[in-house]
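Structure record follows, encoded as structure tokens.
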Protein chains: 2
Amino acid sequence: MKKKTSLADIAQSLNVSKTLVSMVLNGRGEENGISKDTREKVIARAKELNYQPNMLARSLRLGKTNTIGLIVSDISNPFFSKIIRAVEDALAEYDYNLIVCSTDEDVEKEGRLIKMLEYKQVDGMIISTSMASETDIRKKIRSGIPFVLIDRYLDNPDNPYVGTDNYLGAYRLTSHLIKNGYKKIVILSHQPTHLSSLKDRKKGYLQALKDHKINPDDRLIIDVPFQNRDRHVFEAMEHLFSEGEPDAVFCLNNSLSLAFLDFCKQKNINIPGRTGLASFDDIDLFRLLPVTVTSVRQEVTEIGKQAVIKLLHEIRKPGSAEEKRVQIPPILHIRESSQKIS
Amino acid sequence: MKKKTSLADIAQSLNVSKTLVSMVLNGRGEENGISKDTREKVIARAKELNYQPNMLARSLRLGKTNTIGLIVSDISNPFFSKIIRAVEDALAEYDYNLIVCSTDEDVEKEGRLIKMLEYKQVDGMIISTSMASETDIRKKIRSGIPFVLIDRYLDNPDNPYVGTDNYLGAYRLTSHLIKNGYKKIVILSHQPTHLSSLKDRKKGYLQALKDHKINPDDRLIIDVPFQNRDRHVFEAMEHLFSEGEPDAVFCLNNSLSLAFLDFCKQKNINIPGRTGLASFDDIDLFRLLPVTVTSVRQEVTEIGKQAVIKLLHEIRKPGSAEEKRVQIPPILHIRESSQKIS
DNA sequence: TTGAAAGCGCTAACAG
DNA sequence: CTGTTAGCGCTTTCAA
């Protein structure tokens, strides 16, 4: 493991200055009037000595790292991992790298991670926040590093944000269920309940009920804790299905659906015979089950892409975006689990 | 967005030296004999001025970034995203961050990413490589940054590596199928065929056939291209199922299984009636289908954890590990898709 | 055409 | 107990 060669090394070996070498290697040789001859010599020697630029030094000098931080609740959740992939690809085009972090919906942890990223001098952050208010985030990001929110927005409408039109998705889905004859529709969600994504889905659900003259029933609105979701879903559903008989379940995301399907499997609950089912998010499973599952697909790739575009905008000239909140309409996939009932 | 406060600022405002401040803030004040009084003053002022350490400068000085790079073929593949999560959690304990990259099994791209990470001075890398030989990687990592391979090893047995015992998993799974009466077992894989993971699984399959006196049939060994897998799997299977009738399919990973299940769904192929099925990897889908799918579960969390331990080892004293290659035994989940046939 | 020097913010060796 | 100095590797005035 030999010592790395630096600008100085190659400058010295050529009896020129670091300045010159730096210019040439950054492709700014010509415009600074370095002779073609010298330029070629520099480049040749750089290759010869196997020069590797030190981005750290470069970043320190330039005040930018070409790295952005991405904070989500769990990178192994397929919804997020697909967004991350899209973000990665979009950023690659602009030569940015990605540091990823998971919060497990833990506000404390999120705070620490934000600080961390700030210390690391990331040029920007993309955050799917668990916090309840913009002030909470601003309190952490003191340096004014730009950030854009994804999936969940906060109280300040001027925060750049990209996500799904959750209200619309839930409204359509619920309306569809109602039209197909379902009346006692459970809405299965998880904590924390202040997340805008979940709140908007709930609003869409309630509005759809209202518009179809169905009275909401509080007992059908379930919020399980985030941790140990599977077990909590099981218990809640067991309780619900043992007494009053709901006729459909609307799961607010993919992990809740998985938990619910598990419950149905164990309890031998037939879909849509005994209960209808519809879900937010669209995962492979939904179209591969023998009874395919009706769902609202979020445009994950689009969310990732747009978030990057917005962030890069924000990095170049903060606060310049025309449109602060971008809500991408979801796509309703009507399948067999929500078949018409009498 | 006010200018950030640096060590110098707080030193100046207190009429002490940067050195002192640096020591105190790094908790090395006491051991360097800074008076308690001064220490407290420094800490108070740091808080007051809202001091945020600049890790970039720190890293440049120290020659370490506390960041490691993780390269996989696709971070949105659940197998990898779970490993990533485990890696993230394990690294967090040692205050390391994670830069993630996807290669799409593209050797060129992998090369560029490795270089990238090297320029960024990551302290180490965890790589699920698509390359065919260790030299190819070493050619990229000139600086001697330590790395550990996951999921796939290379020709050099001294390369630190953590993965599943793929041979064993495939051997057991195939043996199980044979014992349950299956004889014409398709093995469905994808390119590139030099990946040790896939090669070992194939070896396990062949050995199991051999040990049970079944002659391997080349027509049953399928390698589809990595890109557009779904379509290729469909076409290959359509071809296969139209002529000679295989009696089981062994999918070498989760994405191939998804593609195959899709095929079965579209073609109305009954499992296990018309064909048995078994798969490497274990995904939610497999236990939620009405006919549950027999699979070999890889210990993803364990792989991530061990990779981190190995890498940290390697960072502290390179080449010191007792055991270079760690092969974690997989777990066979026997389910309904491989039921006994006559 | 080219170079000298300053400085990004931090830490460590060495002196007091 | 505390400070001085040097330097990590790079870019960027400003000067020649």
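These figures come from a predicted structure and were not determined experimentally. Each chain gets a letter, A, B and so on, in the order its sequence line appears, and its residues count up from 1.
- The minimum heavy-atom distance linking B:Lys120 with A:Thr65 is given by the pair NZ-O, 2.9 Å.
- A:Thr38 has a side-chain polar atom (N or O) that falls below the 4.0 Å cut-off from OP1 or OP2 of C:dT2.
- Among the nucleotides D:dG3, D:dC10, C:dG9, the one closest to any side-chain atom of A:Leu60 is C:dG9.
- With hydrogens and angles disregarded, no donor-acceptor distance shorter than 3.5 Å links the side chain of A:Asp123 to the backbone of A:Ile68.
- As rounded to whole Å, 14 Å separates atom P of D:dG9 from atom CG of A:Leu49.
- Taking atom CG of residue A:Leu7 and atom P of nucleotide C:dC8, one finds them 19 Å apart after rounding to whole Å.
- Across the interface with DNA chain D, nearest-nucleotide mapping of A:Leu20 and B:Ile34 shows B:Ile34 to be the residue nearer the 5′ end.
- Of the candidates C:dA12, D:dT4, C:dG3, the closest approach to any side-chain atom of B:Leu62 belongs to C:dA12.
- Contact annotation: B:Arg28 reaches the phosphate of C:dA12 (side-chain N/O to OP1 or OP2, under 4.0 Å).
- Between C:dC10 and B:Tyr51, a contact under 4.0 Å exists linking OP1 or OP2 to a side-chain N or O.
- D:dC8 atom C1' lies 17 Å from atom CE of A:Met55, rounded to whole Å.
- The CD-C1' distance, from A:Gln121 to C:dG9, rounds to 9 Å in whole Å.
- Under the 3.5 Å distance criterion, the side-chain polar atoms of B:Ser59 are matched with a main-chain donor or acceptor of B:Met55.
- Contact annotation: B:Ser6 side-chain N/O to C:dG9 OP1/OP2 distance is not under 4.0 Å.
- Following rounding to the nearest Å, A:Met23 (CE) and C:dA4 (C1') show an atom-to-atom distance of 12 Å.
- Rounded to a whole Å, the CD atom of B:Glu31 is 12 Å from the P atom of C:dA13.
- Distances were taken from every side-chain heavy atom of A:Ser17 (C-beta onward) to each of C:dG3, D:dC10, D:dG3; the shortest belongs to C:dG3.
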Notebook entry, point to check: Between B:Ser102 and A:Glu88, does a side-chain hydrogen bond (donor to acceptor under 3.5 Å, both in side chains) hold up when you go through it step by step?
Noted result: CA-CA 8 Å; B:Ser102 304; A:Glu88 187 203 347; 2.8 Å; yes

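- One cannot find a donor-acceptor pair under 3.5 Å joining the base of D:dT2 and the side-chain atoms of B:Thr19.
- The residue among B:Asn15 and A:Leu56 whose nearest nucleotide of DNA chain D is located toward the 5' end is B:Asn15.
- Backbone-only contact: B:Asn26 has heavy atoms under 4.0 Å from sugar-phosphate atoms and none from a base.
- Checking A:Ala57 against A:Ser35, the closest nucleotide of DNA chain C that is more toward the 5' end is the one next to A:Ser35.
- In this structure, the NZ atom of B:Lys64 is 22 Å from the P atom of C:dG9, given to the nearest Å.
- Atom CG in B:Asn32 sits roughly 10 Å away from atom P in C:dA12 (whole-Å rounding).
- Checking side-chain atoms of B:Glu105 against main-chain N and O of B:Phe226 turns up no donor-acceptor pair under 3.5 Å.
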